[in-house]
Number of protein chains: 2
Amino acid sequence: MLSKKTKYGLKALTFLAKVEGKEPVQIAEIAKHENISQKFLESILLTLRRNGFLGSKKGKGGGYYLIKEPKDIPMTTVMRVLEGPIAMVPCVSLNFYEKCDDCPDEGECSVHKLMLQVRDSALEVYRNNTLADLL
Amino acid sequence: MLSKKTKYGLKALTFLAKVEGKEPVQIAEIAKHENISQKFLESILLTLRRNGFLGSKKGKGGGYYLIKEPKDIPMTTVMRVLEGPIAMVPCVSLNFYEKCDDCPDEGECSVHKLMLQVRDSALEVYRNNTLADLL
DNA sequence: TTATTACCCTATCATTTTAGTAGGGAATAC
DNA sequence: GTATTCCCTACTAAAATGATAGGGTAATAA
């Protein structure tokens, strides 16, 4: 299940991408427009900024803004920052690999075999979509 | 993230599919072989039986057994029973559809657009795999 | 300089989900 | 009848999730 954090984060990015020009947009405005708890959104935007997706400006007329072109923001990186691993089990994760406690042999594991395919198919989708494709 | 319930369920099904003949296999044996808490596995096998994947026999020499050929058990049905919806958001789910509280217009929603693709790609994998393909 | 705006950051909390445990009941084989 | 093995309900500990509270700090406008 997709977390609200990711869902809200994606919506916020989309909203910012649609804004004319590059003027900062206030948290409150995004929250209101997308029906999101303002405080919750605040923490999400913060992690997006810390991870290089957004810039921010304080004081009057401040807010958040994209620091890259939407077409240069692939969904793989967005998903990994907001949702975490794209794989459904750590033993098939490219960026968050971990061995299973049970499971003596990954090569023999049916779950491993299936989840590898699921990971690859999801990756293909995320790689083929940038923020620009969602507008 | 894939739940342990689904993971263990898949492993148990695989184990049963590998058994020579169709003699019942005891919970304890599966649990031991796959390093699963026996009581937890018990509840998983129970739901698999209730959903038409397994048969069971009580008393000495009893246990669980597959009641279909592995090639006739598609991963779509296994995943839906064990893990729930294949879609990551209810608004793109075929079998568990639900409208989002926020989101006035699904057609305009960027999350919807992306998650539709993810659902379809996952579905394709699950449809192309039966239990027999995991052996 | 001073007030205001708006982001920054930590801590806390209620709820839900997950993973696992406990314990007795019912059917079957011998 | 007794041992075995599945059946079923209820409970619980821990973690994750979604959200809230509340003050701090930097930038800006006047």
Side-chain angles (χ1 to χ4, degrees), chain A residues 1-12 16 23-32 34-51 53-67 82-85 88-90 96 100-102 111, chain B residues 1-12 16 23-32 34-67 81-85 88-90 96 98 100-103 111:
Chain A
M1 190 65 52
L2 195 75
S3 67
K4 300 252 179 183
K5 181 181 169 188
T6 304
K7 187 182 180 189
Y8 294 162
L10 282 171
K11 286 193 168 195
L16 289 173
E23 316 88 58
V25 182
Q26 296 160 29
I27 297 172
E29 189 181 338
I30 306 174
K32 192 178 174 190
E34 300 292 339
N35 299 307
I36 305 172
S37 145
Q38 179 167 340
K39 276 294 194 176
F40 190 26
L41 179 61
E42 201 174 321
S43 69
I44 297 167
L45 294 178
L46 209 49
T47 65
L48 286 174
R49 195 213 50 168
R50 287 181 177 139
N51 283 280
F53 296 100
L54 300 181
S56 65
K57 200 181 159 194
K58 292 180 183 174
K60 188 163 192 176
Y64 283 99
Y65 51 89
L66 286 179
I67 56 179
L82 291 174
E83 190 74 3
M88 292 183 80
V89 281
F96 302 82
C100 295
D101 303 332
D102 52 318
V111 178
Chain B
M1 191 64 52
L2 195 75
S3 68
K4 301 253 180 184
K5 181 180 170 188
T6 303
K7 187 182 180 190
Y8 294 164
L10 282 170
K11 286 193 168 196
L16 289 173
E23 317 89 58
V25 181
Q26 296 161 28
I27 298 172
E29 189 181 339
I30 307 174
K32 193 179 172 189
E34 300 291 340
N35 299 306
I36 305 173
S37 145
Q38 179 166 339
K39 274 295 195 177
F40 190 26
L41 178 60
E42 202 174 320
S43 70
I44 296 168
L45 294 178
L46 209 50
T47 65
L48 286 173
R49 195 213 50 169
R50 287 182 178 138
N51 283 279
F53 296 100
L54 301 179
S56 64
K57 202 180 155 193
K58 291 180 185 177
K60 190 164 189 175
Y64 283 99
Y65 51 91
L66 286 180
I67 55 179
V81 163
L82 291 174
E83 191 74 4
M88 293 184 79
V89 281
F96 303 82
E98 241 175 276
C100 295
D101 303 331
D102 50 320
C103 222
V111 178

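Just so we're on the same page: letters track the sequence lines, and every chain starts at 1.
Pairing each heavy atom of B:L45 with each of B:A12, the nearest pair is CD2-CB, 3.9 Å. Summarising the geometry of A:K4 relative to A:F40, their closest heavy-atom pair is CB-CE2, 4.1 Å, with the distance given to 0.1 Å. Between A:I27 and A:E42, the shortest heavy-atom contact is CD1-CG, 3.4 Å. A:G84 approaches A:F96 most closely through the heavy-atom pair C-CE1, 4.1 Å.
Whole-Å rounding puts the A:Q38 CD to C:dC7 P distance at 8 Å. Look at CG on A:L46: it is 16 Å from C1' on D:dT20, rounded to the nearest Å. Spacing between atom CD of B:E42 and atom P of D:dT9 amounts to 13 Å, rounded to whole angstrom units. In this structure, A:K4 atom NZ and C:dT16 atom P are separated by 12 Å, rounded to whole Å. The interatomic distance linking B:L16 (CG) with D:dC6 (C1') rounds to 14 Å, in whole Å. Nucleotide D:dT28 holds its C1' atom 8 Å from the NZ atom of A:K57, rounded to whole Å. Rounded to whole Å, the distance from NZ on B:K39 to P on D:dC6 is 11 Å. One atom, NZ of A:K7, and another, P of D:dG18, lie 10 Å apart when rounded to the nearest Å.
Under 4.0 angstrom from either OP1 or OP2 of C:dT21 there lies at least one side-chain N or O belonging to B:S37. Neither OP1 nor OP2 of D:dC6 sits under 4.0 Å from any side-chain N or O of B:R50. Residue B:Y64 has no polar side-chain atom (N or O) positioned under 4.0 Å from OP1 or OP2 of D:dT5. Put simply, A:S56 has a side-chain N or O that comes within less than 4.0 Å of OP1 or OP2 on C:dC8.
Contact annotation: the side chain of B:I30 approaches that of B:L16 to within less than 4.5 Å [non-hydrogen atoms, C-beta and beyond].
Residue B:Y8 places its side chain closer to C:dG20 than to any other of D:dA19, C:dG20, C:dA29.
Counting any heavy atom pair closer than 4.0 Å across all strands shown, B:L45 reaches no nucleic acid atom.
Each of B:Q26 and A:S3 was matched to the nucleotide of DNA chain D holding its nearest heavy atom; the match closer to the 5' end belongs to B:Q26.
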